[in-house]
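First listed ligand is number 1; within each ligand, the first listed atom is number 1.
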Amino acid sequence: MLNLQQIDQFNRDGYLVVEELISPEVRNAVVSEYADLMDHLYFDWRQLGQVPELLPGATLWDKLDAAVRAKIEWYQPFDISLPADGITAETPMHFGPAVFDMITSDRILNTVECLIGSEITSNPIQHVRIKPPERDVQHGETRAHIVSTDWHQDRAVTLEAADDTEMVTVWLAITDATVENGCLQVKPGKTPHMIPHCALTQLGIREKFLPKQDAVPAPVKAGGGVIFHPLTPHASLRNLSNEYRWSFDLRYNVTGQNTGRDHFPDFVARSRRNPSAELRDWQVWKNMWEATRADIAQLEHINQHGRWSADGPYCA
Ligand SMILES: O=C(O)CCC(=O)C(=O)O
Ligand SMILES: [Fe+2]
């Protein structure tokens, strides 16, 4: 739940930092689900001879370190979505019970309800971001799930059909997010319109189009989050620390409105009007994404950022 002062702050600044947005139990379950996932992945990478053998007791981070050092494609199997392009029937992705419980946790939904009302759809534009210390990242890596994120508005990431959708982003810290390890930063205040974006490497706003007010970093402890409006310009700082920065970004919109990525599956996370419409079974959620993957693997490429170009005035 948010108090009136927090709601006012969100409306004024376009964002809000909320501590303890998920319970320690929900967070711990996610961490152990990813540790199990890593065990399986590491076993497979070992079989393929892609990573070194580690001592018994090696942690999630030890294995991730080894994978990063071995320069293998380690990211996509952890993501809670499909990539923007190159989707095949075998593209790896992760949909498990702990992540589902996180997305549908009462604390998050109670908070979101204060901002967009009680008919809440879990929007399929969602990612895990596990960002290694920047100095360990392969040269030439530009994905915003792995290196720092350029300035953008989330509305620019959706297709035009969702321009009027009432939506919020819930950015959740799984490890402490600090200025040093690359927490979010925002341009606070009401940005009433879409700013032009350039779709070169990352989708981003060039300096000259950014609102002039100072950027404000938004550090938050593990379990807390940053909630923001789809027009609020935000970016991440660089991870200049020696540790991984782990977050999820989730989005929620008013049920019945366009999600901005309707080739991906959404579901009703909360409905006060019709509680029986709420999805409670993580396996159904996983099945929906698997069916989507099979369908998309047969289709031509869908350009998710179709309204923005990679050259022209907005890239200069
Ligand atoms: O975590 C990041 O680096 C960027 C996250 C972001 O852009 C978002 O949550 O919308
Ligand atoms: Fe974003």
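Ring to ring, Phe228 and His234 are close: their centroids are under 6.0 angstrom apart.
Looking at atom 9 (O) of ligand 1, its nearest protein heavy atom turns out to be Asp249 CB, 3.0 Å.
Within His152, NE2 is the N, O or S atom that lies nearest to the Fe ion (ligand 2). His234 contributes atom NE2 as its closest N/O/S atom to the Fe ion (ligand 2). Restricting Asp154 to its N, O or S atoms, the one at the least distance from the Fe ion (ligand 2) is OD1.
Residue-ligand proximity, Lys131 to ligand 1, at heavy-atom distances under 4.0 Å covers atoms 2 (C), 3 (O). Ligand 1 places these atoms under 4.0 Å from at least one heavy atom of Thr149: 2 (C), 3 (O), 4 (C). Heavy-atom proximity to Arg251, at under 4.0 Å, picks out these atoms of ligand 1: 8 (C), 9 (O), 10 (O). Less than 4.0 angstrom separates some heavy atom of Phe228 from each of these atoms of ligand 1: 8 (C), 9 (O), 10 (O).
For Arg245 and Glu243, the salt-bridge test fails: no basic side-chain N is under 4.0 Å from an acidic carboxylate O. A salt bridge is absent between Asp281 and Lys286: the closest approach of a Lys/Arg side-chain nitrogen to an acidic carboxylate oxygen does not fall below 4.0 angstrom. The pair Arg270-Glu119 does not count as a salt bridge, with every side-chain nitrogen at least 4.0 angstrom from each carboxylate oxygen. Between Arg272 and Glu113 there is a salt bridge, since at least one side-chain N of the basic residue sits less than 4.0 Å from a carboxylate O of the acidic one. The pair Asp136-Arg69 fails the salt-bridge criterion, with no side-chain N (NZ, NE, NH1 or NH2) lying under 4.0 Å from an Asp/Glu carboxylate O. Salt bridge Glu53/Lys63: absent, no basic N to carboxylate O contact under 4.0 Å.
For the pair His127 and ligand 1, no heavy-atom separation below 4.0 Å is found. In this structure, Arg245 is part of the shell of residues with a heavy atom less than 4.0 angstrom from ligand 1.
At a 4.0 Å heavy-atom cut-off, ligand 1 does not touch Val157 at all.
Both the sub-6.0 Å distance and the 45° axial angle are satisfied by Lys187 relative to the ring of Trp151.
Checked against a 3.5 angstrom limit, the closest N/O atoms of Thr169 and ligand 1 fall outside it.
Closest non-hydrogen pair, His193 versus Gln153, comes out as O-NE2, 3.1 Å.
Distance check for Asp249 against the Fe ion (ligand 2): none of its N/O/S atoms falls below 2.8 Å.
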